[in-house]
Amino acid sequence: MTTSALPALSDIPEVVPGVLRIENSDRDATTPIILDMLRSVYPHDQVFGDYCPVQGYIDAPPRDLYEYLADTRCLEEWTYSLRGFTETEEPGLWVSYDRLGDNTKIYTRTVANPDAMTVDYHCAWDQSDHLWMIYLMRVVDAQVVFDKPGSVVLWTNCHHPFYDKNPYKDTAPDKRKVWVGDFWEMFSAGHQLELDNLKAIAEYRASHGLPIKPDWMLNPSEQK
């Protein structure tokens with residue numbers, strides 16, 4: 001199975017300031033940025049332990065932002081390295097490539113609750129039988145918590161033991177040297193970078209009168 005690039009950000013005719021994607025900043029260029037966001041005097045394990053929380057305010061309508069995040073294909077736009085999403089033969093299960101791992105396939109299933117505006121991405125490198133990497137997100141109406149329009153996004157990851165040891169080595173591509181758990185201590189900075197991407201993209205669309213969920217992500221029946 002092969003995947004190809006989706007028309008991510010095709011509705012935006014210019015480079016959005018502050019958005020870092022692997023296309024405009026490769027791993028070598030981005031690593032120093034990530035490291036600069038970390039503080040060695042505050043060890044990651046001491047501060048976060050088994051959790052990696054990031055959060056932020058986004059000046060965009062919460063329901064619109066939720067509908068965007070609830071579509072797995074949005075990860076093509078605001079994540080740093082997930083590219084080429086294609087739905088598999090199993091409905092709701094998508095495969096793409098995580099370019100942090102070179103030729104690494106990543107499988108994703110999105111579990112969303114419109115009432116609570118929670119969006120959980122269940123993922124795994126290399127295989128789709130056990131989606132153990134869980135990205136827990138919630139969109140909160142900023143009017144409720146900050147008394148102003150917009151959204152608050154809460155995002156947490158838990159340190160699953162598989163981050164420390166890959167139990168599915170037989171499914172890994174040949175000669176891959178890295179494992180997703182190798183990046184755990186950089187998750188807080190890396191996820192903040194991606195949340196900043198999400199903020200920049202959503203706020204650009206909101207301020208320019210564009211729908212937060214772009215036309216290319218709509219089903220044919222939804223398109224004008």
Closest heavy-atom pair, Tyr57 versus Pro149, reported as atoms and distance to 0.1 Å, is OH-O, 2.5 Å
Among Ile, Leu, Val, Met, Phe, Trp and Tyr joined by side-chain contacts under 4.5 Å, find the other residues sharing a cluster with Leu136 and list them by chain and number.
Ile134
Check: Tyr121 main-chain N/O paired with Arg109 side-chain donor or acceptor under 3.5 Å:
no
Taking all atoms of both residues into account, what is the closest heavy-atom pair of Pro211 and Asp215, and its distance?
CG-OD1, 4.4 Å
Start with the C-alpha distance between Asp98 and Ser81, add both sets of side-chain angles, then the distance that settles side chain to side chain donor-acceptor pair (under 3.5 Å), and finish with yes or no.
CA-CA 5 Å; Asp98 189 341; Ser81 59; 2.7 Å; yes
Between Val139 and Val119, is any pair of side-chain heavy atoms under 4.5 Å apart?
no
For this output row, return yes or no: ring centroids of His122 and Tyr107 closer than 6.0 angstrom.
no
Does one hydrophobic cluster hold both Met217 and Val16, with members joined at side-chain heavy-atom distances below 4.5 Å?
yes
Quick one: do Lys213 and Asp64 make a salt bridge, cutoff under 4.0 Å?
no
Partner of His191 by ring-ring contact (aromatic ring centres under 6.0 Å, His included), out of Trp184, Tyr51, Tyr80, Trp155
Trp155
Do the charged groups of Asp102 and Lys177 touch, with an N to O distance under 4.0 Å?
no
Identify whether Val178 and Phe162 are in the same connected component of the hydrophobic contact network (ILVMFWY, side-chain heavy atoms under 4.5 Å).
yes
Within the 4.5 Å heavy-atom criterion, are Trp179 and Lys165 side-chain neighbours or not?
no
Same cluster for Val54 and Leu154 if Ile/Leu/Val/Met/Phe/Trp/Tyr side chains link at under 4.5 Å?
no
If two hydrophobic side chains count as joined below 4.5 Å and joins carry through other members, does Leu198 share a cluster with Val152?
no
Tell me if a side-chain donor or acceptor on Lys105 pairs with a main-chain N or O of Ser96 at a distance below 3.5 Å.
no
Answer yes or no: is there a side-chain heavy-atom contact under 4.5 Å between Met117 and Pro62?
yes
Quick check against the 3.5 Å criterion: does Trp94 have a side-chain atom that pairs as donor or acceptor with the backbone of Thr108?
no
Glu89 and Pro91: which non-hydrogen atoms are nearest, and at how many Å?
O-CD, 3.4 Å
What's the shortest heavy-atom distance between Pro61 and Ser151, and which atoms?
C-OG, 3.5 Å
How about CZ on Phe183, more than 12 heavy atoms from neighbouring residues, nucleotides or ligands closer than 6.0 Å, or not?
yes
With distance as the sole test, does Asn157 use its side chain to make a donor-acceptor pair with the main-chain N or O of Ser188 at under 3.5 Å?
no
Determine yes or no for a side-chain-to-main-chain donor-acceptor pair under 3.5 angstrom, with Asp50 supplying the side chain and Cys158 the backbone.
no
Run the salt-bridge test on Glu23 and Arg83 with the 4.0 Å N-O cut-off and return the result as yes or no.
yes
Does any non-hydrogen side-chain atom of Thr171 lie less than 4.5 Å from one of Lys169?
no
Is any side-chain heavy atom of Val140 closer than 4.5 Å to one of Arg138?
yes
Are Trp132 and Tyr163, when compared by the centres of their aromatic rings, separated by less than 6.0 Å?
yes
Do Trp78 and Asp196 have side-chain heavy atoms sitting under 4.5 Å apart?
no
For the pair Asp11 and Arg205, find out whether any cationic side-chain nitrogen is under 4.0 Å from an anionic carboxylate oxygen.
yes
Just wondering, do Val153 and Leu65 contact through their side chains at under 4.5 Å, heavy atoms?
yes
Group every Ile, Leu, Val, Met, Phe, Trp and Tyr by side-chain heavy-atom contacts under 4.5 Å, then state whether Tyr68 and Trp216 land in the same group.
yes
Heavy-atom side-chain proximity of Thr110 to Asp120 below 4.5 angstrom:
no
